[in-house]
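First the structure, in the form of structure tokens, and then the observations on it.
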Amino acid sequence: MARTIAPAYDPQLIEPKWRAAWKQAGLFRVVEDPAKPKFYNLVMFPYPSGPLHMGHFRNYVIGDALARYKLMRGFNVLNPFGWDAFGLPAENAAIKSGIPPRVSIEGNIAISKHELEIMGVLYAWDREVTTCNDDYYRWTQWLFLKFYEMGLAYKRTAAVNWCPKDNTVLANEQIVNGVCWRCGTKPTKKELDQWFFRITAYAQRLLDDLRKLDRWPERVRVMQANWIGRSEGAELDFAVEGQDTALRVFTTRPDTIFGVTFMVIAPEHPLVATLATPDQRKDVDAYIERTRAATEIERLSTEHEKTGVFTGAYAINPYTQERIPVWVADYVLATYGTGAIMGVPGHDARDFAFATTYRIPNREVISATGEAQATPLTAAFESYDGRLVNSGPYNGLSCKDGFERIAADAERRGIGKRTITYRLRDWLISRQRYWGVPIPMIYCPDDGIVPVPVTQLPVLLPAEVKFRSDGQNPLVHTDAFVNTTCPRCGTPARRETDTMDTFVDSSWYYLRYTSPHDGTAPFDKAKADFWMPIDQYIGGIEHAILHLLYSRFFMKVLFDAGMVSVDEPFGALFSQGMIQRKGAVMAKSKGNGVAPDDMVARYGADTARVYELFIGPPELDAEWNDRGVDGVARFLNRAWRLVVGEEEAPASGEGQLTGADLRRKLHETIDKVTRDIDAFRFNTAVSALMELTNLMQDYIQGGGARDEAWDAVCRDLARLLAPFAPHLAEELWERLGGAPLCALASWPVVDQSELRRSTVTVVVQVDGRLRDRIEIPAGAGEADALALARRSANVERVLEGRPVTRTIFVADRLINLVTR
RNA sequence: GCGGGCGUAGCCGAAUUGGUACAGGCGCACGGCUUAGGACCGUGUGGCGCAAGCCAUAAGGGUUCGAGUCCCUUCGCCCGCACCA
């Protein structure tokens, strides 16, 4: 036989060809087809910030592999992509460089699209959504108006972070190390009129429905539950001595009511003004002034020492009639509960710390033993396991019973009630920024706040504005935008100049994908109903709370509005780990990124893709290893040589594998790869394919023939490779005479009969210790297997004639002879 | 502090869910090919031991015929929330 030189595996030669073929075939161009099972596959859309690196690509590769696999499994796969294109970075770049945000965003989108393309990552580009385009944001505005109509969008005054030098509001993220990120000034609090979404109205449903999300990572569900932060407790009224007013507190421990030795109200509490006695007023005012200067971050820090000031006022404990001093302290938050607490230093660590500082006594009212101690407590006993002491008629009750009885008595006496409080706050969506969706509201001197009629949408964001060096929203100074007329009375009026938080844009984009060109509604209900919920959502853990919670909230609101038929958007969620290199997360700013263009030029897209999948369990962070990429390149090269090569095998003859061995390994691999992809174990799927090619190599080296049966194995190898190394798979598929496209071929099916073995290796243990391995006929019964095992010389020697008292038999696997 | 998770070769990591610990890859060693190569191909590779064998999944204990896997204690690391009454 003539020795022929197999063409070398050259990704540069084959990859562009197949990308063109996929484009022509329109792999993910889909319509609603009830005849096929649907699969809505979605990767979180990115902010187009410029060139991507291989760290970004991990989830795109995972998503692409899954989409391709589902396609081969016969699903009708919706696999769209888009751009979260509004937001601060583009606006800041514009202030700095003068390049309009839209221009830089479009440039960045073009770069990212090119990178996705050369990596062989495919999407339904005919459904592309870009949030800064008016054919999208008009519907964001439409939805805002819907929320407004439903009473879920409202405006109120709220304290925000304010930079006195830049004369602007700062988002929490814009406070770096306690100071303004731009000028280094310490921000203060300022009361401003802001738009909110009433997400708190959905707190309980958002909490309850976490139970439905059994295909979400546990940690994400826990984080959301903690964020919502449900607390059961009671509100109780304390009459203020000498005043016709009551101080209402929220507590989760009404059972400790007899342990109250002081009370605290937040500095922002409305009663502060009237509560302070004349001789204490000066101190109180000074304290409030001081805390106002403190940032939220400082205030919320546990390191922050507790401070406070006595108001001079006393409240009356409604259960003991004791006089209780009322303090003002900033460890109590005005925005949680009632903004006032009862201080129980004996049973709350924070109250204990405060009481220690100001020499306020503590009183034990819960005792683990049921007996009160003779001496004061030296630390807060916060346990719920104990009995009430020093608590008058409630003595001896368990905490739970004490809670119930004391709360019930308060309700009967009309001085309180059981309540449930959430940590979740309403969602502040106002941004004093240009590059976002204009809030479609108008301020009329006569009619007040008037929504823009939906027929007048979109409220267009002006393309030309003058950016200001002081960071102020340029929309405020754009007269052509601001000046309008009242839709109700026609008199001159002003537009709202705030824009929406970009998280509003991303809370519903997945619905727009189902009917991206609809000119009459945000989305077509029938189409949304067909595709929703998303079958697999893939994205970074950094969105565990905000984006995912907001989207869940949106979906529930739209469900209540009758616009969708499911009330959870994401059926399954996967959060991939980050890629690190040189000891840090891969990032542009760290200079440790690997560019996809470089990877494609050096190794080809397939090697880059397979390496990203092979690098480790996809949910864990992984270290990028340049040498590891070489290993994957070797693997794909081997696959190529096995299929395309025609070299004569070196006649080793030893350890020759049979065709049955080859086919068994193939079907074991089909089985494993299929199960691994379904379980998101791409790393082990790739290693299974490596094992297969290693065995194929052994087969050929042992003198195995490249006959028709071999070719059949090769065709299945190509199909198994297709989700991971799609270009190579196509090339192999074509050379093997496969039908038009491997990407459209059906996924290989396991032939159970090929998995069968005539003999199996069974482990023989004596007292649980491995003593021998024996080859026995597959499916042998206990008696036969045992007889064969006892023939082992090794086993006999170890037994030394000791009687076997018991035997454990696991068919085709293990025999354990027990002598004790 | 509260909550979630993790700890297996020199490194990244497998382990059919209680049944042969370390698959696959990196690295390393040796060999082949080569003018040469850090390229490519092949073979080997947990430790101790001549061997039988013994030891080994953070440490210690327990349950079990059998534990990386289940339970308890301790140590270490990562992530989230963090004065939420």
Side-chain angles (χ1 to χ4, degrees), chain A residues 8 217-227 229-231 233 249-253 256 264 299-306 329-333 335-344 347-351 353-354 382 421-425 541-542 544-545 577 611 614-617 619-632 634-635 637-638 641 647 650 652 668 671-672 675 681 683-691 693-694 697 701 761-773 794 797-798 804-810 813-820:
Chain A
E218 170 74 10
R219 63 172 168 159
V220 175
R221 281 183 293 164
V222 168
M223 280 162 72
Q224 291 215 350
N226 291 342
W227 187 263
R230 178 190 156 105
S231 288
V249 301
F250 173 71
T251 178
T252 55
R253 296 299 301 270
T256 63
V264 180
R299 238 184 104 172
L300 293 184
S301 164
T302 24
E303 312 303 323
H304 185 53
E305 201 169 316
K306 289 183 176 50
D330 70 352
Y331 82 92
V332 171
L333 307 173
T335 48
Y336 183 78
T338 61
I341 63 153
M342 56 186 216
V344 185
H347 302 283
D348 182 282
R350 298 153 304 181
D351 295 345
F354 185 80
E382 293 188 307
T421 298
Y422 302 90
R423 300 176 58 174
L424 185 69
R425 309 292 162 77
I541 190 71
E542 67 273 19
I545 293 175
Y611 180 62
F614 184 60
I615 193 165
E619 69 278 12
L620 300 182
D621 287 357
E623 174 76 18
W624 182 278
N625 176 354
D626 293 332
R627 306 294 293 271
V629 181
D630 291 323
V632 168
R634 279 193 278 272
F635 157 58
N637 251 299
R638 166 174 287 182
R641 284 198 315 275
E647 303 102 296
S652 79
E668 283 170 358
D671 186 44
K672 171 133 183 79
R675 282 187 289 112
R681 288 192 297 246
N683 53 326
T684 50
V686 172
S687 33
L689 288 167
M690 288 173 168
E691 280 188 58
T693 53
N694 289 351
Q697 175 91 4
Q701 289 198 327
T761 305
V762 167
V763 168
V764 184
Q765 298 178 335
V766 175
D767 294 331
R769 299 192 69 99
L770 175 68
R771 294 302 173 185
D772 205 355
R773 296 183 173 89
N794 223 16
R797 193 178 47 71
V798 174
V804 173
T805 57
R806 195 179 155 194
T807 59
I808 309 289
F809 174 73
V810 183
R813 188 156 231 146
L814 167 140
I815 294 161
N816 189 8
L817 306 172
V818 185
T819 68
R820 43 190 156 86

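Computed from heavy atoms alone, side chains included, the values below leave out hydrogens, waters and symmetry copies. All chains are named by letter (A, B, ...) in the order of the sequence lines, taking the proteins before the strands, and each is independently numbered beginning at 1.
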- Looking at every strand, decide which applies to A/Asn694 at a 4.0 Å heavy-atom threshold: base, sugar-phosphate, or nothing. sugar-phosphate
For B/C26, the nucleotide meeting Watson-Crick or G-U wobble distances (both under 3.5 Å) is B/G10
From the candidates B/C54, B/G19, B/G25, the one with an atom nearest any side-chain atom of A/Val810 is B/G19
Re B/A15: Watson-Crick or G-U wobble partner, both distances kept under 3.5 Å, found to be none
Rounded to whole Å, CG of A/Asn794 lies from P of B/A52 at a distance of 9 Å
note: A/Arg641, atom CZ; B/C33, atom P; distance rounded to Å ~ 17 Å
When both distances are under 3.5 Å in a Watson-Crick or G-U wobble arrangement, the nucleotide paired with B/G60 is B/C72
To the nearest angstrom, the CZ-C1' distance between A/Phe635 and B/C40 comes to 18 Å
- Can you tell me, in whole Å, how much space there is between the P of B/C11 and that of B/U17? 29 Å
| said: With no hydrogens and no angle check, just 3.5 Å: does a side-chain donor-acceptor pair link A/Asn637 and A/Arg634? | reply: no
Whole-Å distance, A/Ile541 CD1 to B/G5 C1', equals 11 Å
_When you compare the side chain of A/Asp348 with that of A/Glu382, does any pair of heavy atoms fall below 4.5 Å?_
yes
Dump every N/O contact between nucleotides 10-13 of chain B and the protein below 3.5 Å, one line per pair.
unit_1	atom_1	unit_2	atom_2	d
B/C12	O2'	A/Ile615	O	3.2

Checklist entry - Side-chain contact, heavy-atom cut-off 4.5 Å: A/Tyr611 with A/Val686? => result no
Next item on the list: Determine whether the side chains of A/Arg638 and A/Asn694 contain a donor N or O and an acceptor N or O closer than 3.5 Å.
Entry: yes
Using a 4.5 Å cut-off on heavy atoms from C-beta on, say whether the side chain of A/Arg771 contacts that of A/Leu817.
no
Notebook entry, point to check: Hey, are the side chains of A/Thr256 and A/Met342 touching, using non-hydrogen atoms and a 4.5 Å cut-off?
Noted result: yes
Pairing partner of B/C81, by Watson-Crick or G-U wobble and under 3.5 Å for both distances, is B/G1
- Are OP1 or OP2 of B/A85 and a side-chain N or O of A/Tyr336 less than 4.0 angstrom apart? yes
When rounded to whole Å, the CZ to P distance for the pair A/Arg813 and B/A15 reads 14 Å
Testing B/C81, B/G4, B/A23 for proximity to the side chain of A/Glu691, the answer is B/A23
Paired to B/G37 by Watson-Crick or G-U wobble criteria (both distances under 3.5 Å) is none
A/Ser231 and A/Thr252 have their tightest heavy-atom pair at CB-CG2, 3.9 Å
Separation of B/C26 atom P from A/Trp624 atom CH2, nearest Å, is 15 Å
| request: Would you indicate what A/Arg771 reaches in the nucleic acid, counting non-hydrogen atoms under 4.0 angstrom: base, sugar-phosphate, or nothing? | output: sugar-phosphate
Between A/Asn794 and A/Arg797 the two heavy atoms that sit nearest each other are OD1-NH2, 2.9 Å
A/Glu619 atom CD is separated from B/C78 atom C1', nearest whole Å, by 14 Å
In terms of heavy-atom contacts, A/Val249 and A/Thr338 come closest through CA-OG1, 3.2 Å
P spacing across the pair B/G27 / B/G61, given as an integer number of angstrom: 39 Å
Checking B/G42, B/A21, B/A85 against the side chain of A/Gln701 (C-beta onward), the nearest is B/G42
Closest heavy-atom pair, A/Pro617 versus A/Asn683, reported as atoms and distance to 0.1 Å, is N-ND2, 3.5 Å
Q. Between A/Ser231 and B/A85, is there a side-chain N or O to OP1/OP2 distance below 4.0 Å?
A. yes
RNA chain B nearest-nucleotide lookup for A/Gly628 and A/Gly339: closer to the 5′ end is A/Gly628
Whole-Å distance, A/Arg423 CZ to B/G80 P, equals 15 Å
Checklist entry - Do A/Tyr331 and A/Asp351 have a side chain donor and acceptor closer than 3.5 Å? => result yes
The nucleotide from B/A85, B/C83, B/G4 with an atom nearest the side chain of A/Asp330 is B/C83
Identify each atom pair where a protein N or O and an N or O of nucleotides 60-66 of chain B are less than 3.5 Å apart, giving names and distance.
unit_1	atom_1	unit_2	atom_2	d
B/C65	OP1	A/Arg806	NH1	2.9
B/C65	O2'	A/Asn816	ND2	3.3
B/C65	O2	A/Asn816	ND2	2.4

Using the P atom as the reference point in each nucleotide, state the distance between B/A23 and B/G47 in Å, no decimals. 13 Å
B/C50 -> Watson-Crick or G-U wobble partner, both distances under 3.5 Å, gives none
Indicate, with a heavy-atom threshold strictly under 4.0 Å, whether A/Gln697 touches base, sugar-phosphate, or nothing. sugar-phosphate
A/Lys306 has its side chain closest, among B/G24, B/C41, B/C83, to B/C83
Regarding the side chain of A/Thr684, the nearest nucleotide among B/A14, B/A85, B/G3 is B/A14
Picking from B/G53, B/G27, B/G80, the nucleotide nearest the side-chain atoms of A/Arg634 would be B/G27
Comparing nearest nucleotides in RNA chain B, the 5'-proximal residue of the pair A/Asn637, A/Glu382 is A/Glu382
Regarding B/U17, purine or pyrimidine glycosidic angle vs 90° from 0 gives syn
- When rounded to the nearest Å, what value does the distance between C1' atoms of B/A9 and B/C48 take? 15 Å
